[in-house]
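Worksheet: one structure, shown below.
Just so it is clear, the structure is predicted and the values come from calculations on it, not from any experiment.
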Amino acid sequence: QVQLVESGGGLVQPGGSLTLSCAASGFTFSVYGMGWYRQAPGKQRESVANMTRANKITYADFVKGRFAISRDNAKNTVYLQMNSLKFDDTAVYYCNRPLNLVNWGQGTQVTVSS
């Protein structure tokens, strides 16, 4: 079964940094693109960043220049380095395969507050 376990969230001040991790299992990780998504209270889930199996990276406009996605196929893990965090970045962050948005992990809460 596909398992996606996000971690690394927490409380951080505006302008701070945080690194999220997503440990995946139940599929051949290196064959699939992976993405990060987030959902803030009262809002729909939105795409944050994506990295294909060929390492092509795309970002949502609202995180360009601040966030960086990376992956380690040997560890079946995708990361999201978040810098210059803003109040609007507060959300639950999830990872998933962009073409298989059916099963979701628990996500990890990121709260940006002073």
Answer whether the closest heavy-atom distance between the side chains of [X] and [Y] falls below 4.5 Å.
{"X": "L4", "Y": "N96", "value": "yes"}
{"X": "Y59", "Y": "I57", "value": "yes"}
{"X": "S84", "Y": "F67", "value": "no"}
{"X": "D88", "Y": "F62", "value": "no"}

Atom pair [atom1]/[atom2] of [X] and [Y] - distance to nearest 0.5 Å:
{"X": "Q1", "Y": "Q3", "atom1": "CD", "atom2": "CD", "answer": "6.5 Å"}
{"X": "R45", "Y": "Y94", "atom1": "CZ", "atom2": "OH", "answer": "5.5 Å"}
{"X": "S114", "Y": "L11", "atom1": "OG", "atom2": "CG", "answer": "9.5 Å"}
{"X": "R97", "Y": "R53", "atom1": "CZ", "atom2": "CZ", "answer": "12.5 Å"}
{"X": "R38", "Y": "T108", "atom1": "CZ", "atom2": "OG1", "answer": "14.0 Å"}
{"X": "W36", "Y": "L80", "atom1": "CH2", "atom2": "CG", "answer": "6.0 Å"}

Apply the test side chain to side chain contact (heavy atoms under 4.5 Å, CB included) to residues M34 and M51: give CA-CA distance (whole Å), side-chain angles for both, the deciding distance (0.1 Å), then the verdict.
CA-CA 5 Å; M34 293 295 296; M51 190 171 188; 5.7 Å; no
With side chain to side chain contact (heavy atoms under 4.5 Å, CB included) as the test, would you mind laying out the steps for V92 and Q106 before giving the verdict?
CA-CA 9 Å; V92 178; Q106 293 296 309; over 6 Å; no
Checking I69 against Y79 for the side chain to side chain contact (heavy atoms under 4.5 Å, CB included) test, could you report, in this order, the C-alpha distance in whole Å, the side-chain angles of both residues, the deciding distance, and whether it holds?
CA-CA 6 Å; I69 187 172; Y79 305 93; over 6 Å; no
Give a yes or no on whether the backbone of V112 and the side-chain of T90 come within a donor-acceptor separation of less than 3.5 Å.
yes
Using a 3.5 Å distance criterion without hydrogens, assess whether the side chain of T28 forms a donor-acceptor pair with backbone atoms of S30.
no
Passes side chain to side chain contact (heavy atoms under 4.5 Å, CB included), L18 versus V110? Steps please.
CA-CA 9 Å; L18 211 56; V110 173; 4.0 Å; yes
Cation over ring, R71 on F29, under 6.0 Å and within 45°?
yes
Search all heavy atoms of P98 against all heavy atoms of G33 and return the closest pair with its distance.
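In this case the closest contact between P98 and G33 is CD-O, 3.3 Å.
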Might you point out which heavy atoms bring S21 and T77 nearest each other, and give the distance in Å?
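Minimum heavy-atom separation between S21 and T77: CB-CG2, 4.4 Å.
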Taking only Lys NZ, Arg NE, NH1 and NH2, and the carboxylate oxygens of Asp or Glu, determine whether K64 and D61 approach each other closer than 4.0 Å.
yes
Treat each ILVMFWY residue as a node, draw an edge where side-chain heavy atoms are under 4.5 Å apart, and state whether L20 and V5 are in one component.
no
Within one Ile-Leu-Val-Met-Phe-Trp-Tyr cluster: W104 and V48, side-chain cutoff 4.5 Å:
no
Listed partners of F27 passing ring pair (Phe, Tyr, Trp, His ring centres under 6.0 Å), at least two apart:
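Listed in chain order: Y32.
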Quick one: list whatever passes side-chain contact (heavy atoms from CB on, under 4.5 Å) with S17, sequence neighbours left out.
Q81, N83
With sequence neighbours left out, which residue pairs that include part of residues 16-114 fulfil the disulfide bond (SG atoms under 2.5 Å apart) condition?
C22-C95
